[in-house]
Amino acid sequence: MRNRRSLLLSRFFLPALPDLIRTRVAIGCSFFIQGMVFATWCARIPDIRASLGLNEAQLGTLLLAIPVGQLVSMAPNGILVTRFGSRRMLILAGFLYPCILLFLGIAPTVWALAIGLLAAGFAANLSNTAANTQGVELEHYYRRSIIALFHGMWSLAGLVAVVVALLLALADVPTWLHFALVAGGMAVLLSFSGGALLPFDRHPASDPAARHSPWRLTPYLFWIGISALGCMACEGAIYDWSGVYFRDVLEVPSSRQSLGYFAYLCAMVTCRFLADRAVNRFGQARVLYVSGGCIAGGLALAVALSGCPPAVAVVGTMVAFALVGCGTSTVVPLGCGLAGKAPGVPTGIAIAQVSTIGFFGFLAAPPLIGYVAHATSLRHAFALMAAIGLLVLLATRRLNLSCRRA
């Protein structure tokens, strides 16, 4: 494998390393860019909510825009990645996504922000499909699981983004300037790393498998998608509502509202960097069962601790969110890896199909939490998410049955 032609500033990107290692680092950088942009937005949601004067239901409706953009673009993006190649689409989305973040920081009205979030959903999904395609393709050169490591870079970026957000919030840096700094930094990173990505995918456009319909879903891919749905719904709950949960339910100061998100990301980053080793030792089914238990149990624990004394509630909820982070760390990476190896389906389309089902979780969770919280309380909304997390266990059981039949 060789990247024969220099692209952008890639000739300055780790030139002394072998092409295979440079490509692995470059793919990791693309995941890092995605995670940095998304987590930067999530970290400032409470501030944007306050500046626009939104209640829980209104915020939940607004947060629906990103998953809607992701959902409607799933099939087109799978076709784009298959038709034009994952590297081209990943570079395109890698520049577009940070530019949209910059717009979100200066959007003057709720409607403008909603349009920007729709566009962000499209760019995020295109980047996600192309990056996972690159990761699955690279696994064929390594001949072992490495996909969780790339998702670990996504989570590491989120951790970095939260730390940056905490520091800038303490310094009273406005949201628009925060977003502009992150967008500029990520564009520079992609300018160096983008040219080192895999130049070709295993299924060229002329391959008959590449013409597989993006709407034809096999039972194998369906159950992988259901597992991803349960995981991503709970993941979305933490991303979009953890700061609000800490500020409104646990009543912490606004400067500490990201503590739960920080604990969640610390656990997710750690577990994702260990996930490939765990899968190789214990098997995919056991890892997925444990992950589902951690997701549901962690959210249930967070709800149970909300009535404790303030110090106990804050520390305990951080531990509970960390447990959720351990669970969500493996489900999506393993799902993408399994989908990418589905027989007879191009990698880009298989990943897009699984992501389509999974992103129904992102689609449903933000408004569902907002509406339930508005009607009852945020505690009840998080209890409902704990029940949804059990879908990972159900889907894993059915997926194992499908594998045995195969």
Side-chain angles (χ1 to χ4, degrees), residues 1-41 77 80-81 84-102 120 122-142 146-161 163-164 179-202 265 269 272-273 276 332-333 336-337 340 347-348 351:
M1 183 212 76
R2 291 189 61 84
N3 296 325
R4 299 181 183 276
R5 187 175 60 179
S6 178
L7 183 67
L8 301 173
L9 299 175
S10 61
R11 64 182 180 275
F12 303 112
F13 182 71
L14 305 175
L17 294 180
D19 284 342
L20 195 63
I21 298 178
R22 290 179 71 239
T23 297
R24 187 172 181 177
V25 176
I27 296 173
C29 288
S30 294
F31 276 89
F32 186 90
I33 291 169
Q34 292 181 58
M36 191 73 182
V37 172
F38 183 72
T40 297
W41 153 252
N77 284 343
L80 286 173
V81 170
F84 297 105
S86 58
R87 181 166 80 160
R88 290 179 182 176
M89 293 299 100
L90 185 52
I91 291 175
L92 172 63
F95 282 115
L96 180 61
Y97 199 13
C99 289
I100 295 173
L101 177 66
L102 178 60
F122 172 85
N125 175 58
L126 180 58
S127 182
N128 174 71
T129 302
N132 277 293
T133 300
Q134 285 270 316
V136 172
E137 296 288 345
L138 190 63
E139 279 190 333
H140 289 274
Y141 291 94
Y142 278 86
I146 59 172
I147 191 71
L149 176 66
F150 295 132
H151 286 257
M153 292 300 297
W154 192 95
S155 300
L156 178 62
L159 185 61
V160 172
V163 172
V164 171
F179 286 4
L181 292 172
V182 172
M186 296 304 100
V188 170
L189 177 59
L190 182 62
S191 297
F192 282 91
S193 64
L197 296 168
L198 280 173
F200 304 109
D201 298 333
R202 289 182 303 119
L265 287 176
V269 169
R272 277 188 167 166
F273 283 119
D276 289 320
V332 172
C336 290
T347 302
I351 291 174

Trainee: Can any side-chain N or O of T133 pair as donor or acceptor with the backbone N or O of S86 at less than 3.5 Å?
Mentor: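 It does not hold such a pair.
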Trainee: Is the backbone of G337 close enough, under 3.5 Å, to the side chain of E139 for a donor and an acceptor to pair up by distance?
Mentor: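 Not at all, since once roles are kept as given, no pair shorter than 3.5 Å links the two residues.
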Trainee: Measure the spacing between CZ of R22 and CZ of F13 and express it to the nearest 0.5 Å.
Mentor: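 Going from CZ on R22 over to CZ on F13, the span is 7.0 Å.
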Trainee: Please determine whether side chain to side chain contact (heavy atoms under 4.5 Å, CB included) holds for the pair M36 and F31, giving the CA-CA distance in whole Å, both sets of side-chain angles, and the decisive distance to 0.1 Å.
Mentor: CA-CA 9 Å; M36 191 73 182; F31 276 89; over 6 Å; no
Trainee: Looking at A131 and I27, what are the two nearest heavy atoms and their distance?
Mentor: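 Minimum heavy-atom separation between A131 and I27: O-CG2, 4.2 Å.
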Trainee: Taking all atoms of both residues into account, what is the closest heavy-atom pair of L265 and L159, and its distance?
Mentor: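 Reported closest heavy-atom pair: CD1-N, 3.5 Å.
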Trainee: Under the 6.0 Å and 45° cation-pi test, does R272 pair with F150?
Mentor: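 The answer is no; the distance or angle limit is not met.
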Trainee: In chain order, what residues pass the side chain to side chain donor-acceptor pair (under 3.5 Å) check against S127, with sequence neighbours excluded?
Mentor: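 So S127 forms a side chain to side chain donor-acceptor pair (under 3.5 Å) with Q34.
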Trainee: Which donor-acceptor pairs under 3.5 Å do side chains of residues 179-187 form with protein atoms, sequence neighbours excluded?
Mentor:
none

Trainee: Which heavy atom of A26 sits nearest to which heavy atom of S193, and what is that distance?
Mentor: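 Heavy-atom minimum between the residues: CB-O, 3.3 Å.
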Trainee: Just so I know, are the side chains of Y142 and L20 near enough to count as touching, which here means a heavy-atom distance under 4.5 Å?
Mentor: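 Result yes, sub-4.5 Å side-chain heavy-atom pair found.
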Trainee: Quick one: CG on N77 to CG on N125, what's the gap to the nearest 0.5 Å?
Mentor: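 Separation between the atoms: 4.5 Å.
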Trainee: Are the side chains of I21 and P18 in contact, using a 4.5 Å heavy-atom criterion?
Mentor: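 Side chain of P18 against side chain of I21, heavy atoms only: contact under 4.5 Å found.
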Trainee: Say you draw a straight line from CD of E137 to CG of L197; how long is it, rounded to the nearest 0.5 Å?
Mentor: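 So the CD of E137 and the CG of L197 are separated by 12.5 Å.
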Trainee: In Å and rounded to the nearest 0.5 Å, what is the CG to CD1 distance from L138 to I146?
Mentor: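 L138 atom CG to I146 atom CD1 measures 4.0 Å (nearest 0.5 Å).
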Trainee: Identify, with sequence neighbours excluded, every residue that meets side chain to side chain donor-acceptor pair (under 3.5 Å) alongside S30.
Mentor: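 Counting only residues at least two positions away or on another chain, S30 forms no side chain to side chain donor-acceptor pair (under 3.5 Å).
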Trainee: Measure the spacing between CG of L14 and CZ of R24 and express it to the nearest 0.5 Å.
Mentor: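 With rounding to 0.5 Å, CG (L14) is 13.5 Å from CZ (R24).
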Trainee: What pair of heavy atoms forms the shortest contact from C29 to L189, and how long is it?
Mentor: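 For C29 versus L189, the nearest heavy atoms are SG-CD1, 4.1 Å.
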Trainee: Rounded to the nearest 0.5 Å, how far does CZ of F38 lie from OG1 of T40?
Mentor: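 If I round to the nearest 0.5 Å, the distance is 10.5 Å.
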Trainee: What pair of heavy atoms forms the shortest contact from A148 to P333, and how long is it?
Mentor: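 Minimum heavy-atom separation between A148 and P333: CA-CB, 3.8 Å.
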Trainee: Donor-acceptor pair, distance only, cut-off 3.5 Å: does the side chain of N132 make one with the backbone of N128?
Mentor: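 Yes, because the side chain of N132 sits within donor-acceptor range (under 3.5 Å) of the backbone of N128.
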Trainee: Table please: side-chain donor-acceptor pairs of residues 89-98 below 3.5 Å, with sequence neighbours left out.
Mentor:
none

Trainee: Just jot down the side-chain contact (heavy atoms from CB on, under 4.5 Å) partners of V188, sequence neighbours excluded, or say none.
Mentor: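 By the side-chain contact (heavy atoms from CB on, under 4.5 Å) rule, V188 matches F192.
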Trainee: Do you know the tightest heavy-atom contact between T23 and A196?
Mentor: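 So the minimum-distance heavy-atom pair works out to OG1-O, 3.0 Å.
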Trainee: Sequence neighbours excluded, which residues qualify as ring-ring contact (aromatic ring centres under 6.0 Å, His included) partners of F32?
Mentor: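 For F32 there are no ring-ring contact (aromatic ring centres under 6.0 Å, His included) partners, ignoring immediate neighbours.
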